[in-house]
Protein chains: 2
Amino acid sequence: MSLPGHPSPEDIYERARKKIPAISLATVYKNIRTFLDSGMLQEVSLHHGSLRVEPNHEPHHHLVCVNCKSITDLDASGFDPLQFRRGLPRGFRVKRIAVDILGICQRCSSAGAPKHR
Amino acid sequence: MSLPGHPSPEDIYERARKKIPAISLATVYKNIRTFLDSGMLQEVSLHHGSLRVEPNHEPHHHLVCVNCKSITDLDASGFDPLQFRRGLPRGFRVKRIAVDILGICQRCSSAGAPKHR
DNA sequence: ATCGCTGCAAAACATTTGCAGTTTG
DNA sequence: CAAACTGCAAATGTTTTGCAGCGAT
C-alpha cells in the first residue's frame with residue numbers, strides 16, 4: 001500500500017524483501033490474490049487470461065463481467081469524450097478513451113455461478 | 001474480423017484453421033501483433049506485461065501511455081458515473097467503472113522514444 | 001535473388017499450485 | 001492441535017523468437 005503508483009507483483013516483491021528478506025515471490029502472488037479477491041486491492045485492468053482483440057472501431061464501451069470475464073459491447077452514442085480533455089497533463093496525446101463497466105453479469109448472478117478460472 | 005465479440009488468439013486460431021488447416025498458432029500471434037501495431041486491431045484492455053495493482057480507491061481515471069505503459073491517476077471529481085446506468089442490460093450488477101485514457105505521454109512524444117518491449 | 005511470411009520447436013515470461021514445514025492463536 | 005501461511009520447485013498458460021524453408025515478386 002505504501003508503494004506509489006500501480007506496482008507490479010515484482011515491485012511488491014522487491015519492496016517486501018526489504019522488510020522480510022526471505023519472502024518468496026510465490027507468497028507475494030498468493031497475498032496479492034487474496035487481497036484482490038477480498039476487494040482490498042483492484043487490478044488496473046482486468047486480466048482476461050489471454051489477449052482479447054477488438055475489431056469494433058465504433059465508439060462503444062465495454063460491459064465486463066469480473067466473474068466470467070465476458071465482454072459485451074455497449075453503444076457509446078451520447079457519450080462525450082470531451083469531458084475528459086480537461087485536467088490532462090501537458091503533452092499527453094489522447095488516442096482513445098476506453099470505458100469499462102465492471103460488474104457481475106446476469107448469468108453469473110443467477111445460480112451458483114462458479115468462479116471462472 | 002468476421003468473428004463476433006472479442007476473440008482470443010486461440011479463437012482466431014480455431015477459426016483460421018477452417019480455411020487454412022495447416023496454419024500455426026505462432027503465425028496467428030504474429031499477425032495479431034502486426035495488426036495491433038498498425039492500429040487495424042485494438043486490445044480490449046492494454047496488456048501491461050504483468051499484473052498492476054491499484055491501491056487507490058478514490059474515484060479516478062487512468063492516463064495510460066500505450067508506448068511505455070506508464071499509468072497516471074487522474075482525479076475523477078466532476079465525473080458522473082450515472083450517465084452509464086442507462087442502456088445496461090437487465091441483471092448486470094455494476095461494481096465499478098474504469099475509464100482509461102489511452103495515448104502517448106509527454107516523455108514518449110519527445111525524442112525518439114523507443115518502443116517499450 | 002530477395003524479401004516477407006510460414007511452421008515448428010524452443011524459449012521466455014507471468015502466474016498458480018502441490019507439498020511439506022512453520023507459525024499462530 | 002487446528003488453521004492459516006510460507007518457501008520451494010514444478011506445473012500451467014500465454015506470448016515471443018530463432019531458424020530454416022517456401023512463395024511471390
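Every chain is numbered from 1 and lettered A, B, ... according to where its sequence line falls, protein lines coming before strand lines. Computed from a predicted structure; not experimentally measured. Computed from heavy atoms alone, side chains included, the values below leave out hydrogens, waters and symmetry copies.
A continuous path of hydrophobic side-chain contacts links V99(B) to L88(B) [ILVMFWY only; heavy atoms under 4.5 Å].
Nucleotides of DNA chain C nearest to I23(B) and S50(B) differ in position, and the one nearer the 5' end is that of I23(B). Residue order along DNA chain C, read from the 5' end via each residue's closest nucleotide, puts N31(B) first among N31(B) and L51(B).
Using a distance-only test at 3.5 Å, with no hydrogens or angles considered, a donor-acceptor pair links the side chain of D75(B) to the main chain of S77(B).
You'll find that the side chain of R33(B) is closest to dT16(D), out of dG7(D), dT6(D), dT16(D). Closest contact between the side chain of Y29(A) and the listed nucleotides dT16(C), dT14(D), dG7(D) involves dT16(C).
L25(A) places its CG atom 16 Å from the P atom of dA10(D), with the value rounded to the nearest Å. The separation between H47(B) atom NE2 and dT16(D) atom P is 8 Å, rounded to whole Å. Between I20(B) atom CD1 and dG7(C) atom P there is a gap of 8 Å when expressed in whole angstrom units. Taking atom NZ of K69(B) as the reference point, atom C1' of dA14(C) lies 14 Å away to the nearest angstrom. A straight line from CD of E10(A) to C1' of dC13(C) spans 11 Å, rounded to a whole angstrom. The distance from atom CD1 of I32(A) to atom C1' of dT17(C) is 16 Å, rounded to the nearest whole Å. Rounded to an integer number of Å, the gap from Y13(A) OH to dT15(C) P is 15 Å. Atom-to-atom, CZ of R17(B) to P of dC8(C) comes out at 10 Å; the value is rounded to the nearest Å.
Looking only at side-chain heavy atoms (C-beta outward), R33(B) and K30(B) stay at 4.5 Å or farther from each other.
Between S24(B) and dG7(C) there is a side-chain N or O to OP1 or OP2 distance below 4.0 Å.
Legend: residues meeting ring pair (Phe, Tyr, Trp, His ring centres under 6.0 Å) with H60(B), ordered by chain and number and at least two apart, are H62(B).
Below the 3.5 angstrom threshold, one finds a donor paired with an acceptor across the side chain of K30(A) and the base of dG7(D).
The aromatic rings of F79(A) and F84(A) sit tilted relative to each other, their planes meeting at an angle between 30° and 60°.
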